[in-house]
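Beneath this line is the structure, given in structure tokens, with notes to follow.
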Amino acid sequence: MFFTVMDGLVDSLQLTQMIVSPILKSVRDFSDSEEFFEKIKLTTVNSLEMNEVKTFDECYYFLMSGFCIFILDGFDKALVCGIQGWEKRSVDEPSNENNVKDAKECFTEILNDNKALLRKRLKTHHLKLKQLKLGTAAQSTVVIAYVDNRADETLVKETKRRLYNANFNTVLDFGELVPFVDTDIKSFFSCVGNTERPDVAVSKLLEGRVVTLVDSTPFAIFLLALFPDSFQSVDDYDNPTFYSGFIRLLRYFSFILSVFFPGIYVAVGTFHQELIPTGLLFTIAGEEITTPFSLMTEAIMLLVLYEIMREAGLRLPKAIGHAVSIIGGIVIGETTVTAGLIGAPMLVVIAMTAISSYVVYLLYESVSV
């Protein structure tokens, strides 16, 4: 007999105390290997997670998941015991979905911890967690969560069917699932939402949505996602109704402003100057007469330049990321206007557009394009 583990994925102390020592000290006066195997499984090993496997592929899957594999000479099955012990991140405060008054927990990269966060909030036997193994090159664990008396059975079955038929090599991130479970409608707005907050995921489950968790990913996806979902916040349910309603209307206004404001400004400034108040018209004309580009060209240049700076700020190391903000503020905020390349009113319009687009951050990609 021999034991197999993957170094770094198991707890060495548990391996010694719960599996190796009890087996080595066990009595071995059995007539055949099968009887000895059953004795070890039922009375010797002290592991809560145990399973029997018959193929090498199954062994590799459990081995890479932090299990110990016990193989007995002369027997065609292996015993796998869970003794996971890898380093993991604690349940921290959400970094992308900030709130003021609600819970300060977010999903982590450990699938079992994420499932526990859902069960802790949704204490009902109607919560179902279906675990799938996806991937032909290397299997990954994906969990489909739903409330059986609220979710549409057709939606659950269709989600499973699409995931199984996707034929993944392996699943490394939640974004790889989105194109396969999304609708076929060609739109900038996806029908698949994502969240890093367990309380948001639970609220979607209670609304009859289907939530999907991917191992090693601190985000959950839910479907079907509706357009108004992007304008809701957890704090809306903790604030007075009149204030929550006002803030939600402000988000809709910000979305409209971020989509249409540059286009309206260019259209009015180019073809319908009579709609601009006289005093403001003179100000705009005085700024634009010194610039060599049209309003349309200025708007596109500033929007593209802003996206370049944003992408650079996201990808740069934190130690030098502030340099992008300094350079961007100097180059765009002062130098381009002073040099007469861009008019100051256009700079204000693009700045307001950029700030408004962050109010509804879940739709930023769609708004940007």
Side-chain angles (χ1 to χ4, degrees), residues 89 92-99 106-107 109 171-180 182 186-197 214 216-221 225 227 229-231 233 251 254-266 291-339 341-369:
R89 181 170 61 94
D92 297 323
E93 184 175 351
S95 58
N96 295 324
E97 299 177 59
N98 296 324
N99 67 295
C106 68
F107 288 123
E109 288 79 9
V171 180
L172 300 177
D173 192 65
F174 75 95
E176 298 178 12
L177 305 180
V178 173
F180 298 96
D182 202 356
K186 306 302 180 183
S187 172
F188 284 111
F189 303 98
S190 174
C191 290
V192 181
N194 65 82
T195 180
E196 63 174 343
R197 299 183 59 92
V214 181
S216 302
T217 300
F219 282 85
I221 63 174
F227 182 72
D229 290 341
S230 303
F231 300 89
S233 172
R251 294 192 190 108
S254 299
F255 172 77
I256 295 174
L257 191 70
S258 61
V259 173
F260 294 107
F261 192 30
I264 291 176
Y265 176 77
V266 170
T291 61
F293 305 110
S294 65
L295 290 178
M296 181 69 175
T297 305
E298 288 183 13
I300 294 177
M301 287 173 54
L302 282 177
L303 287 172
V304 172
L305 188 58
Y306 165 71
E307 288 296 331
I308 292 174
M309 289 196 304
R310 176 182 176 274
E311 190 66 18
L314 288 175
R315 308 306 168 196
L316 279 175
K318 292 183 179 180
I320 58 176
H322 64 279
V324 176
S325 302
I326 297 174
I327 295 173
I330 295 174
V331 171
I332 294 184
E334 182 178 353
T335 307
T336 54
V337 176
T338 305
L341 299 176
I342 301 293
M346 177 60 73
L347 189 63
V348 174
V349 170
I350 299 303
M352 292 181 61
T353 302
I355 295 174
S356 300
S357 65
Y358 282 121
V359 175
V360 190
Y361 184 73
L362 294 176
L363 295 178
Y364 180 81
E365 293 86 356
S366 303
V367 169
S368 176
V369 176

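Positions are given from 1 along the sequence.
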Report yes if some heavy atom in the side chain of [X] is under 4.5 Å from a heavy atom in the side chain of [Y]; otherwise report no.
X	Y	answer
Y265	P345	yes
M346	V266	yes
R310	S368	no
E307	L303	no

Measure the spacing between [atom1] of [X] and [atom2] of [Y] and express it to the nearest 0.5 Å.
X	Y	atom1	atom2	answer
F219	E109	CZ	CD	9.5 Å
M301	I350	CE	CD1	11.0 Å
S294	I300	OG	CD1	8.0 Å
F231	L363	CZ	CG	5.5 Å

Margin query: If we check side chain to side chain contact (heavy atoms under 4.5 Å, CB included) with D173, which of these qualifies: T217, V214, V178?
Written below: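 The passing option is T217.
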Shortest non-hydrogen contact from [X] toward [Y]:
X	Y	value
S258	T353	O-CG2, 3.3 Å
V349	P262	CG1-CA, 4.0 Å
G193	A225	N-CB, 3.3 Å
S357	V367	CB-CG1, 4.0 Å
G175	P179	O-CD, 3.3 Å
L341	F293	O-CD1, 3.6 Å

Note to self: Checking T195 now: which residues fulfil side chain to side chain donor-acceptor pair (under 3.5 Å) with it, not counting sequence neighbours?
What the structure shows: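 With neighbours one apart ignored, the set is E97.
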Notebook entry, point to check: Parallel, tilted or perpendicular for Y364 and Y358, by the 30°/60° rule?
Noted result: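 Judged by the thresholds at 30° and 60°, the geometry between Y364 and Y358 is parallel.
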Check: Around atom CZ of F189, are there more than 12 heavy atoms of other residues, nucleotides or ligands at under 6.0 Å?
Finding: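 Result for CZ/F189: enclosed.
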Check: When you look at F255 and F227, which way does the ring-ring contact (aromatic ring centres under 6.0 Å, His included) test go after all the steps?
Finding: CA-CA 12 Å; F255 172 77; F227 182 72; 5.6 Å; yes
Margin query: Donor-acceptor check, side chain of S366 to backbone of F188, threshold 3.5 angstrom: yes or no?
Written below: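 Flag set: sc S366 to bb F188 pair under 3.5 Å.
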Item checked: Side-chain donor or acceptor of N194 paired with backbone N/O of I221 under 3.5 Å ->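 No, the answer is negative, given that no donor and acceptor are paired below the 3.5 Å cut-off.
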